[in-house]
Undergrad: 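Here it is, the structure in full.
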Amino acid sequence: MKGFPKITIIMRGYGLEEARCIVEAAKDFSKEIAFEVTMNTSNAPEIIRKLNKEFGKQQVIGAGTVLSFEQEIEAIDAGAQFILSACPFTKEMVEYAKARGVLTVPGVFTPDEALKMKKLGVDIIKIFPASIVGPSYFSAIQEPLDKLSLMAVGGISASNCHEYLTHGASYVGIGSKAFDPKNIKQQNYKKIREDIRNLVDSI
């Protein structure tokens, strides 16, 4: 998917101010980093709405853990620029997102699931959990299915994301391994910014 940032930072369980601190700290890396607010985070739609109002013109902010059509509508109404999940999307979900101009990133684990998502015309296919299959899976799965836009999520960190990106993944999603939890809790802008720079430098 041309133009979509290579790194998606997964913000699960963060409050508005914590999430805002992360997005603010990454303001100089808008071409490299997107932000996912998971829908199982308390007040997720409101966080998505407020982040997009403040940062959405410069940065890519979307919704993750979108597990139903109802959640998708809620996320998109809140301003999500993309919807992402650990599970495959239905045809209805893909068509609705396309009608609203929103990128689709469903999750799969098997070649069969990946092929089904490819046939639905999704934008990016998320392989989850990537750590179970390893980097070589990303090039191997494309041999029978042809070129796919793949995102590696699950066990990804600054120390291994380059390996996935050089073995067939076009994108990576990083959650708990992106930051020291203490820095998030304290909203330590300087340390969070250092972690973000390290992530960008690692790709």
Side-chain angles (χ1 to χ4, degrees), residues 1-12 29-36 38-39 60 62-69 71-72 75 80-178 196 198-203:
M1 186 68 198
K2 188 176 181 180
F4 192 78
K6 281 194 173 294
I7 300 170
T8 296
I9 290 179
I10 302 163
M11 301 191 293
R12 187 185 309 278
F29 304 103
S30 60
K31 292 182 179 180
E32 292 86 8
I33 295 178
F35 301 91
E36 167 196 337
T38 66
M39 290 298 285
V60 181
T65 317
V66 177
L67 303 177
S68 68
F69 185 46
Q71 281 189 329
E72 175 187 22
Q81 299 174 45
F82 63 89
I83 56 166
L84 198 150
S85 182
C87 304
F89 288 153
T90 64
K91 182 180 179 181
E92 180 183 42
M93 292 173 74
V94 175
E95 289 178 347
Y96 183 80
K98 287 184 178 298
R100 296 286 299 270
V102 172
L103 270 70
T104 49
V105 191
V108 308
F109 188 68
T110 66
D112 179 59
E113 290 174 326
L115 180 59
K116 288 176 181 176
M117 292 302 98
K118 179 182 180 180
K119 287 181 176 179
L120 286 182
V122 303
D123 297 295
I124 299 168
I125 297 172
K126 166 182 167 178
I127 303 292
F128 176 82
S131 59
I132 301 299
V133 294
S136 62
Y137 184 82
F138 288 78
S139 56
I141 195 174
Q142 294 181 76
E143 290 176 7
L145 300 184
D146 296 327
K147 176 64 179 173
L148 300 170
S149 291
L150 300 178
M151 178 184 289
V153 180
I156 307 300
S157 66
S159 64
N160 66 12
C161 65
H162 181 72
E163 189 173 4
Y164 283 89
L165 291 169
T166 55
H167 283 79
S170 299
Y171 311 92
V172 293
I174 304 177
S176 60
K177 296 180 182 295
I196 289 171
N198 287 338
L199 278 177
V200 173
D201 288 345
S202 71
I203 64 171

Undergrad: Is a side-chain N or O of Gln142 found less than 3.5 angstrom from the main chain of Gly168, in a donor-acceptor match?
TA: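 Yes: the side chain of Gln142 pairs with the backbone of Gly168.
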
Undergrad: If I take atom CG from residue Leu145 and atom CG from residue Leu115, how far apart are they, to the nearest 0.5 angstrom?
TA: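 Here the interatomic distance stands at 5.5 Å.
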
Undergrad: Do the side chains of Phe4 and Leu103 get nearer than 4.5 Å, heavy atoms only?
TA: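 The answer is yes; the side chains approach within 4.5 Å.
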
Undergrad: Which of these, Arg100, Lys98, Glu92, sits in a side-chain hydrogen bond (donor to acceptor under 3.5 Å, both in side chains) with Tyr96?
TA: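 It is Arg100, the one option of Arg100, Lys98, Glu92 that forms the side-chain hydrogen bond (donor to acceptor under 3.5 Å, both in side chains) with Tyr96.
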
Undergrad: Using atom types as modelled and distance alone, determine if a side-chain donor or acceptor of Asn198 lies under 3.5 Å from a backbone N or O of Ala178.
TA: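 Checking the backbone N and O of Ala178 against the side chain of Asn198, no donor-acceptor pair under 3.5 Å is found.
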
Undergrad: Nearest 0.5 Å, please: how far is CD1 in Ile203 from OG1 in Thr166?
TA: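 Going from the OG1 atom of Thr166 to the CD1 atom of Ile203 covers 12.0 Å.
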
Undergrad: Taking the side chain as every heavy atom from C-beta outward, state whether Asn160 and Val172 have any pair of such atoms under 4.5 Å apart.
TA: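 Asn160 vs Val172: side chains apart.
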
Undergrad: Roughly how far, to the nearest 0.5 Å, is the CD1 atom of Ile7 from the CD1 atom of Ile174?
TA: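 Reported to 0.5 Å precision, the distance equals 5.5 Å.
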
Undergrad: Tell me if a side-chain donor or acceptor on Lys6 pairs with a main-chain N or O of Ser170 at a distance below 3.5 Å.
TA: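 Side chain of Lys6 to backbone of Ser170: a pair is present.
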
Undergrad: Which donor-acceptor pairs under 3.5 Å do the side chains of residues 129-139 make with protein atoms, sequence neighbours left out?
TA:
residue : atom : partner : partner atom : Å
Tyr137  : OH   : Phe109  : O            : 2.6
Ser139  : OG   : Ser136  : O            : 3.0

Undergrad: So which heavy atom on Leu199 is nearest to which on Ser202, and how close?
TA: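 Residues Leu199 and Ser202, closest heavy atoms: O-OG, 2.5 Å.
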
Undergrad: Using atom types as modelled and distance alone, determine if a side-chain donor or acceptor of Ser85 lies under 3.5 Å from a backbone N or O of Val66.
TA: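 Yes; judged by distance alone, with no hydrogens or angles, the pair exists.
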
Undergrad: Can you see which heavy atom on Thr65 is nearest to which on Gln71, and at what distance?
TA: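 Here Thr65 and Gln71 meet closest at O-OE1, 3.3 Å.
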
Undergrad: First locate atom OG1 of Thr8, then atom CD1 of Ile124, and finally report the distance between them rounded to the nearest 0.5 Å.
TA: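 Reported value, rounded in 0.5 Å steps: 7.0 Å.
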
Undergrad: Is the shortest side-chain heavy-atom distance between Phe82 and Glu36 below 4.5 Å?
TA: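 Side chain of Phe82 against side chain of Glu36, heavy atoms only: contact under 4.5 Å found.
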
Undergrad: Taking all non-hydrogen atoms of both residues into account, name the closest pair between Ala63 and Ala80 and its distance.
TA: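 Smallest heavy-atom distance, with atoms named: N-CB, 3.9 Å.
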
Undergrad: What distance do His167 atom NE2 and His162 atom NE2 have between them, rounded to the nearest 0.5 Å?
TA: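 NE2 of His162 is found 9.5 Å from NE2 of His167.
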
Undergrad: How close do Ile83 and Glu72 get, counting heavy atoms only, and between which atoms?
TA: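 Closest approach of Ile83 to Glu72: CD1-OE2, 3.3 Å.
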
Undergrad: Could you tell me if the side chain of Phe89 sits less than 4.5 Å from the side chain of Thr104, heavy atoms only?
TA: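 Yes, their side chains come closer than 4.5 Å.
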
Undergrad: Is the closest side-chain heavy-atom distance between Val153 and Ile127 below 4.5 Å?
TA: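 In short, these two side chains do not touch, never coming nearer than 4.5 Å.
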
Undergrad: May I ask you to test the Val105-Ile125 pair for a side-chain heavy-atom distance under 4.5 Å?
TA: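 No. Closest side-chain heavy atoms not under 4.5 Å.
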
Undergrad: Check the surroundings of atom NZ in Lys118: do more than 12 heavy atoms from other residues, nucleotides or ligands lie under 6.0 Å from it?
TA: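 Correct, the count exceeds 12.
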
Undergrad: Tell me the closest heavy-atom pair linking Leu84 and Met151, and the distance in Å.
TA: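 Shortest heavy-atom separation between Leu84 and Met151 comes out as CD1-SD, 3.8 Å.
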
Undergrad: Is there a side-chain contact between Glu32 and Pro5 in this structure, where contact means two heavy atoms from C-beta onward sitting under 4.5 Å apart?
TA: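 Counting from C-beta outward, Glu32 and Pro5 never come under 4.5 Å.
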
Undergrad: Glu95 vs Thr90, test: side chain to side chain contact (heavy atoms under 4.5 Å, CB included). Steps then yes/no.
TA: CA-CA 9 Å; Glu95 289 178 347; Thr90 64; over 6 Å; no

Undergrad: Any chance you could measure Ile141, atom CD1, to Leu150, atom CG, to the nearest 0.5 Å?
TA: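 So the CD1 of Ile141 and the CG of Leu150 are separated by 6.5 Å.
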
Undergrad: If you look at every heavy atom in Pro88 and Met117, which pair is closest and at what distance?
TA: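 Heavy atoms of Pro88 and Met117 come nearest at CB-CE, 3.8 Å.
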
